[in-house]
Amino acid sequence: MILAYSKLSFSQVFKLYTALQQYFQNGEKKAVEDADMELTSREEGERKMEKEELDVSVREEEVSCSGPLSQKQAEFFLSQQAALLKNDETKALTPASLQKELNNLLKFNPDFAEAHYLSYLNNLRVQDVFSSTHSLLHYFDRLILTGAESKSNGEEGYGRSLRYAALNLAALHCRFGHYQQAELALQEAIRIAQESNDHVCLQHCLSWLYVLGQKRSDSYVLLEHSVKKAVHFGLPYLASLGIQSLVQQRAFAGKTANKLMDALKDSDLLHWKHSLSELIDISIAQKTAIWRLYGRSTMALQQAQMLLSMNSLESVSAGVQQNNTESFAVALCHLAELHAEQGCFAAAAEVLKHLKERFPPNTQHAQLWMLCDQKIQFDRAMNDGKYHLADSLVTGITALNSIEGVYRKAVVLQAQNQMTEAHKLLQKLLTYCEKLKNTEMVISVLLSVAELYWRSSSPTIAMPVLLQALALSKEYRLQYLASETVLNLAYAQLILGIPEQALTLLHMAIEPILADGAILDKGRAMFLVAKCQVASAASYDPPKKAEALEAAIENLNEAKNYFAKVDCKERIRDVVYFQARLYNALGKTQERNRCAMLFRQLHQELPSHGVPLINHL
């Protein structure tokens with residue numbers, strides 16, 4: 001107790017004095033009121049005093065008793081809540097409750113620096129830029145005022161607080177997208193760190209310099225330098241994050257997957273060597289994203305499931321398992337999207353339900369599953385021909401990801417035959433994405449522009465656009481987008497009257513689509529193969545022609561099964577119409593009538609937008 005008392009600052013001693021005075025006054029007041037009652041023992045008196053204190057605290061709605069928590073209790077509470085915020089936010093107190101607790105702590109001890117830091121983390125949860133900045137500045141002010149560091153480190157401790165204050169402020173501004181303020185704070189941190197010759201702080205500054213200058217063409221030089229220096233100064237966490245960023249950058253630049261996986265293997269060795277379990281999760285989530293970027297859905301699925309089935313995750317304080325981190329949310333979102341692509345909507349809904357339970361809407365990673373959920377709903381509405389419903393979802397998608405939202409809006413306009421508006425929107429988006437070097441979206445936009453041209457009966461104008469998209473997807477090794485582009489090229493050739501060449505192209509592209517493609521794309525590919533087979537058979541002899549038509553009908557059946565899995569009624573209608581025509585050409589009246597009846601049912605159920613039924617990929 002004497003040691004604890006000696007460590008108190010003047011304001012804390014004064015608070016302790018006030019609390020003791022209040023304690024005795026309450027006791028005296030109680031004694032006067034109960035003068036006529038005989039106290040049988042000291043214990044009974046103490047119990048009554050405690051009861052009085054409890055009554056006071058309940059009336060004041062204070063969580064702690066009339067006095068504050070001890071230093072050790074407060075430190076335990078803060079460390080426990082900080083660990084929960086980092087690893088399992090759902091088990092931490094709600095933002096409002098935690099802030100109330102912190103206000104109570106600070107009311108008794110305004111100089112408690114760690115409480116200000118937890119307040120900063122708590123405000124970050126609710127994206128409160130003003131309060132989080134205020135708490136962060138208070139934390140470093142108190143750190144310097146209480147002399148927590150300068151006592152042990154002299155002037156060095158004071159300078160350390162200042163430079164890390166500037167560095168944290170830069171990170172905060174960067175998180176909220178205030179890049180200019182972040183750069184100014186970072187320059188200040190670098191200046192102070194250089195004066196103090198603090199290489200560790202300079203390494204952190206270098207990492208943040210890369211984050212702020214990612215879009216510059218020479219940013220990878222900064223990153224490579226940062227990784228080398230981090231290894232030199234024995235900072236495995238920083239070195240590993242640098243390697244992960246480098247891999248991500250190289251993936252967007254179109255490097256081969258084997259080189260990227262080799263680099264990630266090197267970083268994994270660092271993780272296991274230094275038991276950096278959090279970075280192991282990030283590495284696996286990164287691999288999942290890279291395989292999806294390259295169009296290898298099977299590999300992406302394997303990596304996502306590997307992360308989810310890992311049972312060697314490091315147990316942190318309060319028995320929390322690190323399974324509510326951002327990487328876990330990313331893996332689950334990939335899993336939901338991959339299931340939805342294969343038509344397993346019930347499984348995707350289960351995954352999303354699990355995500356909602358693990359990451360409630362008020363948590364910081366909730367927007368990941370919100371965007372994922374909106375995209376899946378949008379795709380289902382488009383497949384079902386409910387364009388009005390898809391249009392209503394665009395607002396939600398735009399709020400979470402503006403580029404994705406604008407692209408989806410253009411897709412809806414195109415489906416509603418508002419070609420001029422869709423073309424204007426796509427052109428603006430194309431310019432913006434080229435400026436940002438968002439290659440994946442550039443290719444998607446080019447494919448939509450090409451579709452818009454041939455639906456406007458201008459397939460010749462679509463060809464150069466498709467060739468540009470193909471060149472980009474080949475250059476950046478985006479296999480899945482390359483296959484989709486070849487599919488569109490084959491369709492353009494079919495419209496231009498060269499089905500034989502279209503069929504040759506299709507044989508080149510169909511394998512990756514059937515291996516890793518979405519169910520809808522598999523159906524589109526098989527439907528296109530059937531169309532090309534029928535167009536090529538026009539010049540065949542009657543027996544050979546009949547054989548080609550039979551083969552086309554088989555492919556149409558396969559396409560119909562694929563479309564049925566994703567409940568795409570518009571495309572099923574096109575398939576049965578085409579099948580009825582083929583059965584009629586082969587003289588199979590019964591099968592023709594069955595297909596004609598199916599077509600009639602679907603045609604009455606679905607709206608017709610005036611697009612020729614077969615002029616549609």
Side-chain angles (χ1 to χ4, degrees), residues 57 61-65 68-110 112-140 142-143 168 171-172 175-176 237 276-282 285 307-308 310-311 313-333 352-372:
S57 69
E61 294 179 0
E62 295 283 341
V63 176
S64 54
C65 294
L69 296 172
S70 71
Q71 185 78 10
K72 290 289 178 190
Q73 286 174 318
E75 283 173 3
F76 174 73
F77 170 74
L78 294 176
S79 64
Q80 185 189 46
Q81 289 299 316
L84 287 168
L85 286 184
K86 183 186 174 189
N87 303 307
D88 195 353
E89 201 180 323
T90 50
K91 290 179 183 173
L93 292 175
T94 60
S97 306
L98 182 54
Q99 198 57 49
K100 188 179 175 184
E101 291 284 342
L102 292 170
N103 289 343
N104 284 337
L105 273 174
L106 291 167
K107 186 178 175 184
F108 174 73
N109 183 2
F112 199 178
E114 288 78 5
H116 284 290
Y117 193 78
L118 189 60
S119 175
Y120 153 68
L121 293 178
N122 192 41
N123 286 312
L124 274 185
R125 288 163 80 188
V126 290
Q127 305 293 307
D128 185 346
V129 63
F130 174 76
S131 299
S132 52
T133 311
H134 183 76
S135 296
L136 183 67
L137 294 173
H138 268 292
Y139 166 68
F140 282 104
R142 296 304 182 277
L143 209 61
N168 276 274
L172 176 68
R175 178 169 179 150
F176 286 106
Y237 194 94
L276 301 169
S277 59
E278 185 187 347
L279 292 180
I280 295 166
D281 301 354
I282 293 171
L307 176 58
L308 302 183
M310 275 182 73
N311 55 7
L313 297 168
E314 183 190 350
S315 180
V316 291
S317 60
V320 180
Q321 291 291 329
Q322 288 189 336
N323 55 3
N324 280 13
T325 52
E326 187 179 13
S327 35
F328 194 85
V330 168
L332 278 170
C333 287
L352 283 166
K353 184 185 172 188
H354 184 68
L355 268 164
K356 288 171 189 177
E357 288 168 5
R358 281 198 180 278
F359 302 94
N362 63 340
T363 57
Q364 54 186 335
H365 304 312
Q367 57 181 2
L368 291 169
W369 64 255
M370 287 176 180
L371 181 60
C372 175

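Heads up: numbering here begins at 1 and tracks the sequence.
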Before you tell me yes or no, could you show the steps for F77 and L105 under side chain to side chain contact (heavy atoms under 4.5 Å, CB included), namely the whole-Å CA-CA distance, both residues' side-chain angles and the distance that decides it to 0.1 Å?
CA-CA 11 Å; F77 170 74; L105 273 174; 4.2 Å; yes

Check against side chain to side chain contact (heavy atoms under 4.5 Å, CB included), K107 and N103:
CA-CA 6 Å; K107 186 178 175 184; N103 289 343; over 6 Å; no

Atom CZ in R125, atom CD in Q99: separation rounded to 0.5 Å?
10.0 Å

Using modelled atom types and a 3.5 Å cut-off, is there a donor and acceptor pairing between side-chain atoms of S132 and backbone atoms of D128?
yes

Please tell me if the side chains of L98 and L85 come closer than 4.5 Å, counting only heavy atoms from C-beta onward.
yes

Does CD in Q364 sit with more than 12 non-hydrogen atoms of other residues, nucleotides or ligands closer than 6.0 Å?
yes

Are any of the side-chain heavy atoms of R142 and F112 separated by less than 4.5 Å?
no

Separation between SG of C372 and CG of L352, rounded to the nearest 0.5 Å
5.0 Å

Is the shortest heavy-atom distance from the side chain of P361 to the side chain of M370 under 4.5 Å?
yes

Check: R175 and Q127 side chains under 4.5 Å, non-hydrogen atoms
yes

Side chain to side chain, F328 and H365, heavy atoms closer than 4.5 Å
no

Quick check on side chain to side chain contact (heavy atoms under 4.5 Å, CB included): which of V330, I282, D281 does T325 satisfy it with?
D281

Test your reading of the model: is there a side-chain donor-acceptor pair from W369 to the backbone of K356, 3.5 Å cut-off?
no

NZ of K100 to CG of N122: how many Å apart, nearest 0.5 Å?
14.0 Å

With side chain to side chain contact (heavy atoms under 4.5 Å, CB included) as the criterion, how do E278 and Y237 come out once you've worked through the C-alpha distance, each side chain's angles and the decisive distance to 0.1 Å?
CA-CA 10 Å; E278 185 187 347; Y237 194 94; 3.4 Å; yes

Would you mind reporting whether L124 and F176 have side-chain heavy atoms less than 4.5 Å apart?
yes

Output for pair (N123 CG, L118 CG), nearest 0.5 Å, gives 10.0 Å

State, with a plain yes or no, whether a side-chain heavy atom of L102 is found less than 4.5 Å away from one of L78.
yes

Distance, nearest 0.5 Å, that separates CZ of F359 from CG of L368
8.0 Å

Short question: side chain of H354, backbone of L332 - any donor-acceptor pair under 3.5 Å?
no

Find out whether L172 and Y120 are in side-chain contact, i.e. whether some heavy atom of one side chain is under 4.5 Å from a heavy atom of the other.
yes

Do any N or O atoms from the side chain of S119 and from the backbone of A115 form a donor-acceptor pair under 3.5 angstrom?
no

NE2 (H116) and CG (L121) are apart, to the nearest 0.5 Å, by 13.5 Å

